[in-house]
Amino acid sequence: MSEPKPSVTETIMKAIVITEEGGPEVLQLQEVEEPQIKDDEVLIRVAATALNRADVLQRQGKHPPPPGASELPGLECSGVIEAVGKEVVRYKVGDQVCALLDGGGYAEKVAVHHWQIVPVPRNCSMEDAATFPEAACTVWSTVFMMGHLTLQSDHSILIHGGSSGIGTFTIQLAKYRGAKVFVTAGSEEKLAACKELGADVCINYKTEDFVSRVKEETKGKGVDVILCNVGASYLQRNIECLNFNGRLIIIGFMGGTISEINLAALLAKRLTVQAAGLRSRAMKNKALILSHVESYVWPAIAAGKIKPVVYKRLPLEEAAEGHRIMESSKHIGKIILRVP
């Protein structure tokens, strides 16, 4: 028997579907029903989306979408508004925007609350704009809103994974705002890329002890803020790297989730250890973060002070290849999926 045809009322689009938990091969391009917008949402025809580590975890079954969110992967996108709900005032059909998504970016179209979109930054291409929402919101909310990295000339930050999408963005934003930037990475090629973006001290974690190097460069004081995507295996060493009143912000657990630490240093140096995710935050909190990003980060992009760092541009149907690249950790910057 032939497959039943979709009803005439159904609108179909192409999207990458996670067919089951597993490796990159479970990502398949399929036809799915187009999302229907609510009164407070817009429908975006996606131009591009960018890969994030959370997409890999979702594919593996370790990071499910929040309740009510799309089951499709993809946490950011750029594109053109195709339809608006009746409660949407600021935006109209035809506007070029980028969006922070709860899911659904690996598709031709996505529905998103109008609070979670911002205009494409001036002097930025539509495709490159897809690299900014997740990184900008993650970095601004953690390093600046939580970590209080200031404009003091002697303020400093250590960024682990400096060559990642988050890392390359953090380097540029921290330098733009006047901080001294330390980074770790695992190859000389990656360290050279970090240096070119403005990092002041570049440490190969495979050949150097980053604690000793940080203490040497800061004359024993340590840094004020650490942004860490490693987690447990770096916890005690990160604490040793912090200055008085220092802040450690954990945004990933690539080095595990369970660790034992000496609490004495926390007390003696009045340290703060925080962990922060973005996807599970309430919509109003995301809206606040995006308003800050538009006010404080978009002008830096428009002025060319923060540039997109793109390792690979792939068509949507090659999402699996993008995931393979991300899992290899050989990339520098972001991986983009172009949507036809």
Side-chain angles (χ1 to χ4, degrees), residues 53-54 62-63 135 137-162 164 166-167 169-171 173-175 177-186 194 199-282 285 288-289 292 296:
R53 187 69 59 173
K62 300 175 182 178
H63 188 51
C137 290
T138 296
V139 174
W140 186 264
S141 63
T142 55
V143 173
F144 296 95
M145 296 176 75
M146 291 170 54
H148 304 293
L149 189 69
T150 71
L151 293 174
Q152 298 172 11
S153 59
D154 62 345
H155 224 208
S156 55
I157 180 171
L158 169 62
I159 305 161
H160 291 300
S164 67
I166 292 289
F169 187 89
T170 309
I171 292 168
L173 183 56
K175 287 305 297 181
R177 295 183 64 84
K180 183 173 183 179
V181 175
F182 296 69
V183 300
T184 63
C194 294
D200 299 288
V201 180
C202 300
I203 306 165
N204 188 329
Y205 67 83
K206 293 182 179 179
T207 60
E208 289 187 84
D209 175 20
F210 69 81
V211 178
S212 298
R213 183 73 185 280
V214 166
K215 289 185 174 180
E216 175 189 342
E217 294 285 347
T218 60
K219 297 181 171 56
K221 292 194 307 180
V223 295
D224 300 293
V225 177
I226 298 175
L227 186 64
C228 181
N229 59 1
V230 178
S233 62
Y234 273 14
L235 185 54
Q236 183 63 47
R237 296 166 72 191
N238 279 333
I239 288 170
E240 294 170 12
C241 282
L242 284 169
N243 194 2
F244 281 88
N245 298 306
R247 286 84 67 197
L248 168 60
I249 301 168
I250 300 170
I251 59 169
F253 306 105
M254 295 178 69
T257 59
I258 299 174
S259 180
E260 183 176 293
I261 63 169
N262 184 343
L263 294 172
L266 296 181
L267 181 66
K269 293 199 288 185
R270 302 183 297 275
L271 304 180
T272 299
V273 178
Q274 294 179 281
L278 185 61
R279 190 180 193 181
S280 61
R281 291 180 185 238
N285 186 243
L288 175 64
I289 294 167
H292 278 231
Y296 301 113

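Sorted by first and then second residue, the pairs that involve residues 214-227 and meet salt bridge (charged side-chain N to carboxylate O under 4.0 Å, His left out), not counting sequence neighbours, are Arg213-Glu217. Among residues at least two apart or in separate chains, ring-ring contact (aromatic ring centres under 6.0 Å, His included) pairs with a member in residues 213-236 are His160-Tyr234, Phe210-Tyr234.
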Checklist entry - When you look at Val214 and Ile203, which way does the side chain to side chain contact (heavy atoms under 4.5 Å, CB included) test go after all the steps? => result CA-CA 9 Å; Val214 166; Ile203 306 165; 4.1 Å; yes
Next on the checklist: Leu227 vs Ile166, test: side chain to side chain contact (heavy atoms under 4.5 Å, CB included). Steps then yes/no.
Outcome noted: CA-CA 10 Å; Leu227 186 64; Ile166 292 289; 4.0 Å; yes
Next on the checklist: Test side chain to side chain contact (heavy atoms under 4.5 Å, CB included) on Phe144 and Arg177; report intermediate values, then the result.
Outcome noted: CA-CA 10 Å; Phe144 296 95; Arg177 295 183 64 84; 3.5 Å; yes
Next on the checklist: Go through it in stages, so that I can follow the logic: the residues are Leu263 and Ile261, the test is side chain to side chain contact (heavy atoms under 4.5 Å, CB included), and I'd like the CA-CA distance, side-chain angles, deciding distance and then a yes or no.
Outcome noted: CA-CA 6 Å; Leu263 294 172; Ile261 63 169; 3.8 Å; yes
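Distance check: Asn285 CG to Ser141 OG gives 7.5 Å after rounding to the nearest 0.5 Å. Atom CZ of Arg281 is separated from atom CD1 of Ile289 by 4.0 Å, given to the nearest 0.5 angstrom. Residue Arg270 holds its CZ atom at 9.5 Å from CG of Asn243, rounded to the nearest 0.5 Å. Cys228 SG to Phe253 CZ: the interatomic distance, rounded to the nearest 0.5 Å, is 9.5 Å. Here the OG1 atom belonging to Thr218 is positioned 8.0 Å from the NZ atom belonging to Lys180, to the nearest 0.5 angstrom. Taken from CG in Asn262 to CG in Leu267, the straight-line distance is 10.5 Å, to the nearest 0.5 Å.
Two residues are said to be in side-chain contact when any heavy atoms from C-beta on lie closer than 4.5 Å; Thr142 and Gln274 fail this criterion. Contact annotation: the side chain of Leu271 never approaches that of Leu248 to less than 4.5 Å [non-hydrogen atoms, C-beta and beyond]. For the pair Ile250 and Leu235, the minimum side-chain heavy-atom distance is below 4.5 Å.
Closest approach of Asn229 to Gly161, counting heavy atoms only: ND2-CA, 4.2 Å. Here the closest heavy-atom approach between residue Leu278 and residue Cys137 is recorded as CD2-CB, 3.8 Å. Looking at every heavy atom in both residues, Leu242 comes nearest to Lys269 through O-NZ, 2.5 Å. The minimum heavy-atom distance between Gly147 and Val225, with the atom names listed, is O-CG2, 3.5 Å. The two atoms that bring Gly162 and Ile171 nearest to each other are O-CD1, 3.5 Å, heavy atoms only. Looking at every heavy atom in both residues, Ser156 comes nearest to Gly222 through OG-O, 4.2 Å.
Every side-chain contact (heavy atoms from CB on, under 4.5 Å) that Ala265 has, sequence neighbours left out, goes to Ile239.
In this structure a side-chain-to-backbone donor-acceptor pair under 3.5 Å is present from Arg247 to His148. Using a distance-only test at 3.5 Å, with no hydrogens or angles considered, a donor-acceptor pair links the side chain of Asp200 to the main chain of Val181.
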